[in-house]
Amino acid sequence: MHRTVLPSGVEAWLVTRYADARETLADPRLSKNPVHHSEAAHGKGKVGIPGERSANLMTHLLNIDPPDHTRLRRLVSKAFTPRRVAAFEPRVRELADRLIDGFAARGSADLIHEFAFPLPIYAICDMLGVPAEDQDDFRDWAGMMLRHGGGPRGGVGRAVKRMRAYLADLIHRKRGDLGDDLISGLIRASDHGEHLTENEAAAMAFILLFAGFETTVNLIGNGTYALLRHPGQRRMFQEASAAGDTGLLQTAVEELLRYDGPVELATWRFATEPMEIGGQRIATGDPVLVVLAAADRDPSRFADPDTLDLTRGDNPHLGYGHGIHYCLGAPLARLEGRIALTALLGRLPDLRLAAEPADLRWRGGLIMRGLRELPVEFEPVRG
């Protein structure tokens, strides 16, 4: 347990050990609602997603507690059943192949901007029910959010507001033409007495898009980078892919999530009463941040934690959290990660880094961990 002052000036507790982290993630005394923060920092945009408060998008799963959390999660969980996610596999394969087609003949690419970023954006847009002609707008807005401090001043807030306005309009339009998509499902639930307000529906769609793409961008980017730096493990992955060994491929994705996962710190929690974590007294209103990256490298839980081992069996990592706030879209992210990596290394078997590891830049920000770019080279593929 470490008390620290974050770059934003907010003081918070960092939880780093696996046992403490797992317990903290499931502790009902820690609220996700920033109104429980002892300071007014959440009102200044220092806690949470930039722009969400001014865009009236606060009532989403990352900011609420039971019973509202239970109600909203139950509604959305219907979209992420194993059957529905499995049915989405052909579409993800189609997206992966189409994106690779865009650069395969060139012999080089930036895998973040040309592959890892657009794939989950288009996938989650399809699942939400965003019309194909509007999806490039979503890609632009998401790109602004992904750059965080790397874009123009205030750009994230503007992107969030544009997305909010678009989602409100889309919800209104879909009421007269419901489909089989997730937004239509939210509207149906609301119309059948589940008391889902338009703000809640827009906030839900927003957080599914926001949380549903950036984590997968990082899973694909970090996973590819790790495999390129571990040739033996990369060969094992390619052999398993060629042999159709789905079991090993799934185990490999879990290990990539543990070894260099897409989320460095879990999202904010606030103590609702005095409590103790790891021998430290936490005061009411104190922010608590679980350092998932540290917990998943804890040598008291994982043997040889700094070794990438795609065959690792005992691997209860915390890459997608734990407890009632466990990542709702984890099954879809795992599917997208597995398909993206198998397509990439299957179609471009000689893929290699086109930059020194020390020269690669990682995005800023407190919660996520991902590369700004991932330049690669390979033998051009014709036709």
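Hydrogens, waters and symmetry mates play no part in the numbers below; they use all other heavy atoms, side chains included. Throughout, residue positions are numbered sequentially from 1 according to the sequence presented.
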Cationic N near anionic O, under 4.0 Å, Asp286 to Arg3: yes
Ionic contact status for Asp181 with Lys174, cut-off 4.0 Å: yes
Test log, rule side chain to side chain contact (heavy atoms under 4.5 Å, CB included), inputs Ile277 and Trp13: CA-CA 10 Å; Ile277 303 175; Trp13 290 97; over 6 Å; no
If you round to the nearest 0.5 Å, how far is [atom2] of [Y] from [atom1] of [X]?
| X | Y | atom1 | atom2 | value |
| --- | --- | --- | --- | --- |
| Thr215 | Met368 | OG1 | CE | 5.5 Å |
| Leu25 | Glu23 | CG | CD | 10.5 Å |
| Leu30 | Thr24 | CG | OG1 | 6.5 Å |
| Leu374 | Ile220 | CG | CD1 | 11.5 Å |
| Ser241 | Met236 | OG | CE | 14.0 Å |

ring-ring contact (aromatic ring centres under 6.0 Å, His included): pairs with one or both residues in residues 232-265, sequence neighbours excluded: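 Non-adjacent pairs meeting ring-ring contact (aromatic ring centres under 6.0 Å, His included): His230-Tyr259.
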Arg369 and its side-chain hydrogen bond (donor to acceptor under 3.5 Å, both in side chains) partner, picked from Asn222, Asn218, Asp260: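 Of the listed residues Asn222, Asn218, Asp260, the side-chain hydrogen bond (donor to acceptor under 3.5 Å, both in side chains) partner of Arg369 is Asp260.
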Arg281, CZ: over 12 other non-hydrogen atoms inside 6.0 angstrom: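 For Arg281, atom CZ is crowded (more than 12 foreign heavy atoms under 6.0 Å).
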Derivation and outcome, salt bridge (charged side-chain N to carboxylate O under 4.0 Å, His left out), residues Asp97 and Arg93: CA-CA 6 Å; Asp97 283 332; Arg93 290 191 185 281; over 6 Å; no
List the atom of [X], the atom of [Y], and the distance in Å for their closest heavy-atom pair.
| X | Y | result |
| --- | --- | --- |
| His69 | Pro66 | CB-N, 3.7 Å |
| His113 | Arg372 | NE2-O, 3.1 Å |
| Ala271 | Ala283 | CB-O, 3.5 Å |
| Pro118 | Leu99 | CG-CD2, 3.9 Å |
| Arg29 | Glu273 | CD-OE2, 3.4 Å |

Cut-off 3.5 Å, no hydrogens considered: what does the side-chain donor-acceptor table look like for residues 14-22, sequence neighbours left out?
unit_1: Arg17; atom_1: NE; unit_2: Asp20; atom_2: OD2; d: 3.2
unit_1: Arg17; atom_1: NH2; unit_2: Asp20; atom_2: OD2; d: 3.2
unit_1: Tyr18; atom_1: OH; unit_2: Pro316; atom_2: O; d: 2.6

Residue pairs, two or more places apart or on separate chains, that pass side-chain hydrogen bond (donor to acceptor under 3.5 Å, both in side chains) and touch residues 289-303: Arg297-Asp306, Asp298-Ser300, Arg301-Asp314
Residue pairs passing the salt bridge (Lys or Arg N to Asp or Glu O under 4.0 Å) test where at least one lies in residues 324-338, sequence neighbours excluded: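 Residue pairs passing salt bridge (Lys or Arg N to Asp or Glu O under 4.0 Å), neighbours aside: Glu89-Arg338, Glu254-Arg334.
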Side-chain cluster (under 4.5 Å, hydrophobic types only) that Ile324 belongs to, other residues: none
Members besides Leu219 in its Ile/Leu/Val/Met/Phe/Trp/Tyr cluster (side-chain heavy atoms under 4.5 Å): Val253, Leu257, Tyr320, Tyr326
Donor on one side chain, acceptor on other, Tyr166 and Asp134, under 3.5 Å: yes
